[in-house]
Amino acid sequence: MDIKNMKPESIAAQGLGWIDDATRAISPPIHTATTYLRDEDNQYRSGRIYSRDQNPTYDQAEAVLTALEGGHQTLLFASGMAAATAVFQALTPGDHVLAPKVMYWSLRNWLKNFATHWGLQIDFIEMDSPAAVQAAIQPGKTKLVWIETPANPLWTITDIEATCRIAHAAGALVAVDSTVGTPVLTQPLKRGADIVMHAATKYLNGHSDVIAGSLTVNADSPFWQRIRSIRAQIGGVLGPFEAWLLTRGMRTLYPRVRTACVSAQRIAEHFEGHPLVAEVLYPGLPSFAGHEVAARQMIGGFGGMLSIRAKGGEAAAIAVAANVQLWKRATSLGGVESLIEHRASVEGSGTPAPADLLRLSVGIEDVGDLIADLDAALKLAHA
Ligand SMILES: *Cc1c(COP(=O)(O)O)cnc(C)c1O
């Protein structure tokens, strides 16, 4: 069967059906070499010279991601932040950029504290409103629109197609942080985006044991070549063992994400209207502001991330996190183990997270156990 006709589940499970030529191994080797032998006639016919950005251990993970996103090419980076910042560094000082008010906090901080000093002109807007995008975009001057959907930590949904129409009409590229969406649920390139970024640290690897990032592009361009050379020159790359772990983690991407989606939906429905919960934020709830767009744009589920606002304010929220047993109090997301976090404590000033908000990353444990543990913690927090 031609790989092109296969469902993404099959592509992921077998890592594109890759077999090692030398040994017939069905799992890939880890290449630790930093340098490669030059041919006697002074050529490098293997195509590899030096491992700063040419390690063969990246190849399979990059090829799998390209296939799952329906893109042209993928580059792995040492972290999600290394991937995201490479896109902004490929711009030119003076360029205008639109970024969302609600977005991954560490990238927002970098944009505010570094990228603006370096000369980018950045407006942080309500990216979930096409009217706001239309009002803020400057044709010819805006070079990049950065989307995150669903966006941390309120799970704000941005309409990728509508935003791309406005951006492209003004001559701007669109990049999407699809970390929470994952290729299982959202394929931004197929909806018009130019670049999709992942913190591969999260769902793609899925086991809370690798820091990694990726960019996948829909077509080659001078802008993409600039990103390639930024990676090659700055060297923000993965070690071979981390790349190998990521390749392994992606084999189970589909069942992990699907399980997390089903459980997150059940958890959201259970705690919506709960006497000790003020509000549940989850794109899968019909009451959620972005639900309709999410239902159109996300395939087969609304993701494994949700937030709950505890009745009783900040103290109650922190007490709930203190009283869970099964959920783990930790930052990050997208692993097989469920995590809970008082988000405002992490993000500090400038956070859009209300003080009573707990961010939940739903793993693959029994959903009844997860609900019972949170129920008990809510009761203890109010005892
Ligand atoms: C974690 C995360 C990042 C940053 O990824 P790192 O691998 O931690 O650098 C970016 N965007 C989102 C949505 C994330 O969750």
Side-chain angles (χ1 to χ4, degrees), residues 58 61 65 74-89 99-115 124 127-128 146-158 160 175-186 188 193 195-216 231 234-239 242-243 245-246 249-250 253 256-257 260 264 281 283 290 298 302-307 330-335 337-341 343 346-347 351-353 357 359-363:
Y58 308 154
L65 257 177
T74 297
L75 293 175
L76 292 187
F77 288 81
S79 67
M81 281 297 288
T85 55
V87 177
F88 293 95
Q89 289 176 81
K101 275 189 181 157
V102 178
M103 70 183 295
Y104 179 67
W105 71 294
S106 204
L107 183 58
R108 181 178 62 233
N109 285 350
W110 182 84
L111 291 173
K112 282 192 169 153
N113 299 324
F114 178 85
F124 294 88
M127 197 61 80
D128 54 327
W146 184 267
I147 295 176
E148 179 178 330
T149 184
N152 264 287
L154 308 177
W155 318 115
T156 311
I157 300 291
T158 292
I160 298 171
V176 180
D177 180 343
S178 195
T179 298
V180 172
T182 80
V184 180
L185 307 172
T186 318
I195 295 177
V196 56
M197 173 250 149
H198 289 285
T201 310
K202 315 293 171 55
Y203 288 100
L204 295 181
N205 180 62
H207 294 77
S208 307
D209 52 12
V210 170
I211 300 279
S214 70
L215 296 176
T216 305
R231 185 182 78 153
I234 294 179
V237 293
L238 283 178
E242 286 72 20
L245 276 175
L246 173 59
M250 283 198 295
L253 175 66
R256 283 189 285 103
V257 169
L281 302 174
M298 300 179 80
F302 295 92
M305 296 302 299
L306 69 150
S307 294
T331 197
S332 197
L333 59 99
E337 60 287 301
S338 294
L339 304 180
I340 187 167
E341 180 173 52
R343 197 61 195 166
V346 175
E347 298 198 8
T351 180
L357 182 139
R359 187 180 84 167
L360 306 179
S361 172
V362 179

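We count ligands from 1, going down the list as the structure has it; atoms in each ligand are counted the same way. Bear in mind the structure is a predicted one, so any value in this text is a computation, not a measurement.
Taking every non-hydrogen atom of M81 and a distance limit under 4.0 Å, the qualifying atoms of ligand 1 come out as 4 (C), 5 (O), 6 (P), 9 (O). Those atoms of ligand 1 that come under 4.0 Å of a heavy atom in L333, given as number and element, are 15 (O). Atoms of ligand 1 lying under 4.0 Å from any heavy atom of N152, numbered from 1 in the order shown and given with element: 13 (C), 15 (O). Within ligand 1, counting atoms from 1 as listed, the ones closer than 4.0 Å to a heavy atom of A212 are 7 (O). Listed by number with element, the atoms of ligand 1 under 4.0 Å from a non-hydrogen atom of E148 are 13 (C). Counting the atoms of ligand 1 from 1 in the order shown, those under 4.0 Å from a heavy atom of S79 are 7 (O), 9 (O).
Under 3.5 Å, the side chains of R343 and N152 contain no donor-acceptor pair of N or O atoms. Residues S208 and E337 have side chains that bring a donor and an acceptor to within less than 3.5 angstrom of each other. If you check the side chains of T74 and T216, you find a donor sitting under 3.5 Å from an acceptor.
Nearest protein heavy-atom contact of atom 7 (O) of ligand 1 is T201 OG1, 2.6 Å. For atom 5 (O) of ligand 1, the closest non-hydrogen atom of the protein is A199 CB, 3.2 Å. At the shortest separation from atom 10 (C) of ligand 1 among protein heavy atoms lies Y104 CD2, 3.4 Å. The single protein non-hydrogen atom nearest to atom 6 (P) of ligand 1 is G80 N, 3.3 Å, given as residue, atom name and distance.
The CD1 atom of I157 lies 9.0 Å from the CG atom of D128; values are rounded to the nearest 0.5 Å.
Exactly one of V87, L107, T179 qualifies for a side chain to side chain contact (heavy atoms under 4.5 Å, CB included) with M197. That residue is T179.
Between atom 12 (C) of ligand 1 and the options L107, V180, D177, the minimum heavy-atom separation is to D177.
The shortest side-chain heavy-atom distance between M103 and P153 does not fall under the 4.5 Å cut-off.
The shortest N or O to N or O distance between K202 and ligand 1 is below 3.5 Å.
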| request: Could you please spell out the steps behind the side-chain contact (heavy atoms from CB on, under 4.5 Å) verdict for L357 and L154? | output: CA-CA 9 Å; L357 182 139; L154 308 177; 3.8 Å; yes
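Checked against the 6.0 Å centroid threshold, W155 and F302 do not count as a close aromatic pair.
Scanning all heavy atoms of the two residues, the minimum distance from A212 to L238 falls at CB-CD2, 3.6 Å.
Residue contact check for ligand 1: A200 places no non-hydrogen atom closer than 4.0 Å to it. Ligand 1 has M197 within reach: a non-hydrogen atom of the residue lies less than 4.0 Å from it.
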